[in-house]
Amino acid sequence: MVSLRACLSFFVTFRVIVAYKFPYESVQLTDADVANNSDITFGRFPGVIKAQCKAFPGDSNWPTTDRWDVFNSSLGGSLFKAIPPAAACYSGIYENASKCAAWRQQSRSSLSVSEDPLIPFNQWTLGNPCPVPGATPPGSNVTSPPLSACHIEYFPAYVVNVSTVKHIQLAINFARNNNIRLTIKNTGHDWLGRNTGGGALQVYVHHLKDFEYLPSVQIGRYEGKAARVGVALEQYELFPHMEENNITLLAPGSSTVGAYGGYMQGGGFSYITSKFGLMADQVLALEVVTADGRFVHADPKENEDLFFAIRGGGPSNYGIVTSAIVKAYDSISVARMNFNFQTGVNFEQSNITTWVDNSTVYAEATKEPFWNGVDAYFAHLVRINDAKGIGWNTLSTQAPNPIFNRTERLFSFTGQVIIPGISAGDFSNFVAPITQDLRDVGIDIKAAVGWWPTYPSYSFRPNGPGEAVGNGRFVSRLFPRSIFEDANSPEFVKAMAAIRTWVEEGHYNFHSVDYHPSYATAGYPGQDSAVNPHLRTAIMHATGFDTGSYGPERTPEEMIVSHARLNAYAQKWRDATPGSGAYMNEADTEEPDFQESFYGNNYNRLLGIKKERDPWGVFYAVTGVGSDEWRVEGIDGLPTQQGRLCRRSE
Ligand SMILES: Cc1cc2nc3c(=O)[nH]c(=O)nc-3n(C[C@H](O)[C@H](O)[C@H](O)COP(=O)(O)OP(=O)(O)OC[C@H]3O[C@@H](n4cnc5c(N)ncnc54)[C@H](O)[C@@H]3O)c2cc1C
Ligand SMILES: *[C@@H]1O[C@H](CO)[C@@H](O)[C@H](O)[C@H]1NC(C)=O
Ligand SMILES: *[C@@H]1O[C@H](CO)[C@@H](O)[C@H](O)[C@H]1NC(C)=O
Ligand SMILES: *[C@@H]1O[C@H](CO)[C@@H](O)[C@H](O)[C@H]1NC(C)=O
Ligand SMILES: *[C@@H]1O[C@H](CO)[C@@H](O)[C@H](O)[C@H]1NC(C)=O
Ligand SMILES: *[C@@H]1O[C@H](CO)[C@@H](O)[C@H](O)[C@H]1NC(C)=O
Ligand SMILES: *[C@@H]1O[C@H](CO)[C@@H](O)[C@H](O)[C@H]1NC(C)=O
Ligand SMILES: *[C@@H]1O[C@H](CO)[C@@H](O)[C@H](O)[C@H]1NC(C)=O
Ligand SMILES: *[C@@H]1O[C@H](CO)[C@@H](O)[C@H](O)[C@H]1NC(C)=O
Ligand SMILES: *[C@@H]1O[C@H](CO)[C@@H](O)[C@H](O)[C@H]1NC(C)=O
């Protein structure tokens with residue numbers, strides 16, 4: 001802590017000039033408000049709670065209904081007992097055929113999931129407590145399953161629908177004072193289960209969407225354009241603001257991902273990251289409610305520990321962010337090349353075209369040229385990143401298909417190269433060597449090159465069509481840039497072999513986004529943040545999903561076996577990238593040695609900040625800093641958030 005302050009104050013010469021906060025931040029909890037209600041008093045130091053476990057509904061120390069009612073009054077009525085929408089499909093008090101039919105249609109849409117205050121994007125993280133049951137054929141004699149099969153108790157017990165800072169302060173105080181688990185939901189997109197918990201009080205921040213363009217700010221050593229952003233703004237909501245003000249802001253790749261919740265707090269990469277850095281690198285100031293219930297400002301000069309930790313040090317662990325001030329840039333153009341190649345003619349493209357628009361034709365290759373083409377393309381990653389661009393690709397595989405008389409497994413590569421701030425002519429020249437190198441190994445790609453005058457014109461999809469929600473497991477690895485500097489090096493060969501084995505032998509699809517958010521690109525103040533140091537040296541964020549092996553129809557034993565297999569193939573990536581780590585927001589919730597992998601050598605400093613700022617353990621997020629001191633009770637050996645949260649015994 002001392003060294004952190006000393007180190008930061010060295011840089012800080014200016015005071016924050018911007019004093020305005022959003023209207024929802026002016027409504028705050030006062031000492032007078034809490035005077036005669038011990039449930040909602042602010043936290044005091046030292047504040048260690050010794051209880052082994054968080055209280056769970058039904059426990060003797062769970063607050064009575066009367067006290068919840070008083071809490072609800074203090075919130076002005078914004079507390080509710082949330083019910084998972086799928087409960088409408090079960091017999092009992094919530095049964096409602098039309099509601100069930102509607103949810104059956106919407107439950108796989110990320111937009112609908114975002115709008116629901118309770119449920120997370122991936123319900124397996126809760127153990128699939130209330131799956132949408134199979135449809136009942138009309139006129140059939142099948143009754144809805146009993147409500148007891150929809151485990152409402154495994155979801156958060158209550159939700160606070162936040163519309164002011166005061167709501168957040170009250171929720172934190174009530175949860176801390178009553179030793180109740182607290183969870184935070186923004187869009188619910190989290191893959192790891194950091195956004196949900198059985199028996200929790202859930203803080204739903206989804207409506208804090210204000211925006212203000214700040215043409216000129218001076219914060220620390222930064223002088224220039226910026227924007228004040230409500231914490232719940234989603235990607236698709238940022239583009240109209242960019243257009244209106246003729247600026248560029250960093251944004252996630254997918255439309256319904258929240259820009260400043262888990263995305264920013266875990267790092268957050270974008271199509272324009274190799275030019276402007278990660279989302280955490282954009283942040284100049286933060287407004288935060290801390291574990292003691294107080295509302296504070298954090299920037300390079302004030303509350304520097306929080307300012308450091310929240311920018312990349314993991315979501316949902318040091319405080320609840322309500323808004324940020326982020327860097328804004330001049331409007332910028334975007335250029336992109338799409339290209340595809342595959343083995344065989346009968347690759348059923350329906351399953352992969354969702355990843356790209358199909359403006360290109362698939363070039364054909366036989367098996368060895370195919371893999372040579374993959375190597376030839378990846379040999380260009382350093383060049384692409386040096387041009388401030390990113391690579392984006394998917395390697396897919398399909399089993400032999402008797403319908404097509406196909407006896408061989410097929411492979412397909414779909415790639416994109418995206419570079420901001422380059423003219424159409426320069427971009428054509430830039431990609432020519434890629435096309436040539438592929439041709440040289442026998443793959444005559446038909447690349448589709450496009451150019452867009454602004455980032456919104458490239459990325460904006462009105463209303464955020466949303467991505468499909470599903471059950472799956474994720475693994476990932478950051479491949480260091482050094483591996484790609486020489487395509488003849490044993491390191492490059494080993495990395496390519498690990499990727500090939502993943503697809504060819506593991507039969508998993510491979511996806512990577514290839515960006516390089518170096519310290520130099522991060523600039524000030526981003527380079528002094530809690531962003532995973534492994535991201536700074538990486539050039540490839542490799543991810544793999546297994547979407548076919550998880551879900552309510554599988555037994556826990558089957559899912560454990562599936563995960564062990566997935567992890568064994570991921571281990572080959574780790575073996576090919578010694579000393580590297582993984583990007584925490586798109587990773588395995590059971591990542592081995594997550595402390596090193598997700599936080600690198602920032603871990604101990606972050607643990608110090610966590611202990612000092614949250615001695616009560618108000619905030620818990622699986623794989624978060626300090627989370628290894630806790631565990632969620634479960635019975636089947638699978639990672640879950642549904643059970644009781646307890647301290648691990650010494
Ligand atoms: C379809 C899809 C596309 C994606 N694309 C990208 C991408 O292009 N680039 C990328 O880097 N990542 C991407 N991700 C991963 C994304 O960064 C994570 O899913 C991230 O956790 C989403 O944050 P959220 O706030 O939207 O979601 P939530 O699930 O609501 O929250 C995620 C975490 O942040 C915490 N949190 C939310 N709000 C706050 C707050 N105000 N204060 C404190 N903690 C808070 C939650 O408690 C939880 O721990 C994608 C994910 C999905 C599902
Ligand atoms: C304190 O308690 C009294 C009586 O219960 C109530 O009328 C009053 O509104 C409370 N004050 C605050 C600030 O909540
Ligand atoms: C909280 O109060 C509001 C408004 O009075 C009410 O509609 C809601 O049902 C209450 N919530 C709970 C959990 O009782
Ligand atoms: C069933 O749900 C619909 C909304 O989906 C609602 O309009 C209707 O009132 C509900 N019916 C009952 C009986 O609650
Ligand atoms: C529905 O199934 C039950 C149990 O199999 C049977 O007793 C009942 O007669 C059936 N009803 C109709 C309408 O088919
Ligand atoms: C939550 O509050 C917002 C206003 O901030 C409101 O628009 C929304 O309908 C509320 N949601 C629920 C589920 O009550
Ligand atoms: C928008 O910004 C760009 C880049 O700074 C500038 O060239 C352009 O003239 C601006 N457009 C408008 C309408 O102001
Ligand atoms: C495409 O995906 C669907 C759904 O996952 C699957 O049922 C189908 O078999 C797949 N088709 C091929 C050719 O792999
Ligand atoms: C891809 O091609 C199919 C058939 O030609 C067309 O229906 C579909 O709209 C195209 N998809 C995109 C994203 O362009
Ligand atoms: C598969 O082979 C059979 C027999 O040779 C032939 O009749 C059929 O048309 C082939 N199917 C396809 C999709 O090529």
Side-chain angles (χ1 to χ4, degrees), residues 85 88 93-103 110 113-114 119-122 125 162 168 182-197 200 202-206 208 225 230-235 242-248 250-271 273 278-280 286-289 310 314-324 329-333 390 392 421 453-454 459 464 466-470 472 474 476 513 515 517 535 541 543 583-587 619-624 641:
I93 51 171
Y94 304 115
E95 188 169 16
N96 179 328
S98 67
K99 209 170 162 181
C100 171
W103 186 248
S110 59
V113 170
S114 290
I119 61 169
F121 194 98
N122 276 299
T125 53
V162 171
I168 298 178
L182 184 100
T183 54
I184 309 155
K185 177 175 173 175
N186 179 22
T187 68
H189 277 49
D190 199 63
W191 297 107
L192 291 87
R194 296 174 299 186
N195 55 2
T196 187
Q202 178 146 294
V203 181
Y204 184 50
V205 298
H206 178 67
L208 305 180
K225 296 195 239 302
V231 80
L233 286 162
E234 292 163 54
Q235 185 248 38
M242 293 186 215
E243 278 175 331
E244 188 183 332
N245 298 292
N246 194 26
I247 53 168
T248 300
L250 202 91
S254 292
S255 56
T256 51
V257 176
Y260 308 106
Y263 172 79
M264 176 274 282
Q265 296 170 48
F269 69 85
S270 166
Y271 293 133
T273 275
L278 300 166
M279 185 56 99
L286 293 163
E287 307 303 324
V288 188
V289 184
I310 289 173
S316 196
N317 211 19
Y318 314 97
I320 300 185
V321 179
T322 63
S323 73
Y329 307 94
D330 282 350
S331 165
I332 195 166
S333 65
I390 70 149
W392 190 102
T454 64
S459 270
E467 297 74 26
V469 173
F474 217 124
S476 69
V513 187
Y515 55 98
L535 273 163
H541 162 51
T543 61
Y583 169 41
M584 71 171 79
N585 281 348
E586 297 190 335
F619 300 113
Y620 163 84
V622 62
T623 70
Q641 295 304 319

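Counting starts at 1 for both ligands and their atoms, in listed order.
Considering both main-chain and side-chain atoms, Pro252 never comes within under 3.5 Å of ligand 1 through any nitrogen or oxygen pair. The shortest N or O to N or O distance between Thr256 and ligand 1 is not under 3.5 Å. The N/O atoms of Glu586, backbone and side chain alike, include one that comes under 3.5 Å of an N/O atom in ligand 1. Checked by distance only, ligand 1 and Ser316 come closer than 3.5 Å through their nitrogen or oxygen atoms. The shortest N/O to N/O separation between Ile184 and ligand 1 falls below 3.5 Å.
Here Ala621 has no heavy atoms under 4.0 Å from ligand 1, in either its backbone or its side chain. Here Val231 has side-chain heavy atoms under 4.0 Å from ligand 1, and that is the only part of it that gets that close. Contacts between Tyr583 and ligand 1 below 4.0 angstrom, taking non-hydrogen atoms only, involve the side chain exclusively. Contacts with ligand 1 closer than 4.0 Å are made by no heavy atom of Met279, backbone or side chain. No part of Glu234 comes within 4.0 Å of ligand 1, judged by heavy-atom distances.
For ligand 1, the atoms lying closer than 4.0 Å to a non-hydrogen atom of Gly253 are 7 (C), 8 (O). Within ligand 4, counting atoms from 1 as listed, the ones closer than 4.0 Å to a heavy atom of Lys99 are 2 (O), 5 (O). Counting the atoms of ligand 1 from 1 in the order shown, those under 4.0 Å from a heavy atom of Gln265 are 39 (C), 40 (C), 42 (N), 43 (C), 44 (N), 45 (C). Residue Gly268 approaches ligand 1 through these ligand atoms, each under 4.0 Å from one of its heavy atoms: 11 (O). Listed by number with element, the atoms of ligand 1 under 4.0 angstrom from any heavy atom of Gly319 are 42 (N), 43 (C). Applying the 4.0 Å criterion to heavy atoms of Pro315 picks out, from ligand 1, the atoms 33 (C), 34 (O), 35 (C), 49 (O). Atoms of ligand 1 found under 4.0 Å from any heavy atom of Asn585, numbered from 1 in the order shown, are 17 (O).
Using a distance-only test at 3.5 Å, with no hydrogens or angles considered, a donor-acceptor pair links the side chain of Asn585 to the main chain of Gly262. In this structure, the side chain of Tyr583 engages the main chain of Gly268 through a donor-acceptor pair within 3.5 Å. Between the side chain of Ser114 and the backbone N or O of Thr187, at least one donor-acceptor pair lies under 3.5 Å.
In this structure, of Phe121, Phe474, Tyr263, Tyr620, the residue bringing a heavy atom nearest to atom 22 (C) of ligand 1 is Tyr263. Remark: among candidates Gly262, Ala251, Pro120, the nearest residue to atom 33 (C) of ligand 1 is Gly262, based on non-hydrogen atoms.
Looking only at side-chain heavy atoms (C-beta outward), Phe269 and Val513 come within less than 4.5 Å of each other. Side-chain contact between Gln202 and Asn195 is absent, with no heavy-atom pair separated by less than 4.5 Å. Residues Val231 and Tyr260 have side chains in contact (heavy-atom distance under 4.5 Å, counting atoms from C-beta outward). Taking the side chain as every heavy atom from C-beta outward, Thr273 and His541 never approach each other to under 4.5 Å. The side-chain heavy atoms of Ile320 and Phe619, taken from C-beta on, include a pair separated by under 4.5 Å. Residues Ser270 and Tyr263 have side chains in contact (heavy-atom distance under 4.5 Å, counting atoms from C-beta outward). The shortest distance between side-chain heavy atoms of Gln265 and Ser316 does not fall below 4.5 Å.
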Test side chain to side chain donor-acceptor pair (under 3.5 Å) applied to Ser255 and Gln235, step by step: CA-CA 5 Å; Ser255 56; Gln235 185 248 38; 4.9 Å; no
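The shortest contact between atom 1 (C) of ligand 4 and any protein heavy atom is with Asn96 ND2, 1.5 Å. Considering only non-hydrogen protein atoms, atom 11 (N) of ligand 7 sits nearest to Asn246 ND2, 2.8 Å.
Protein heavy atoms are found inside the 4.0 Å sphere centred on atom 5 (O) of ligand 4. For atom 14 (O) of ligand 4, the nearest protein heavy atom is under 4.0 Å away.
For Lys185 and Asp190, the salt-bridge test fails: no basic side-chain N is under 4.0 Å from an acidic carboxylate O.
In terms of heavy atoms, Trp103 sits closest to Pro85 at CD2-CB, 3.5 Å.
Side-chain atoms of Thr256 and His189 form a donor-acceptor pair, as typed in the model, at a separation below 3.5 Å.
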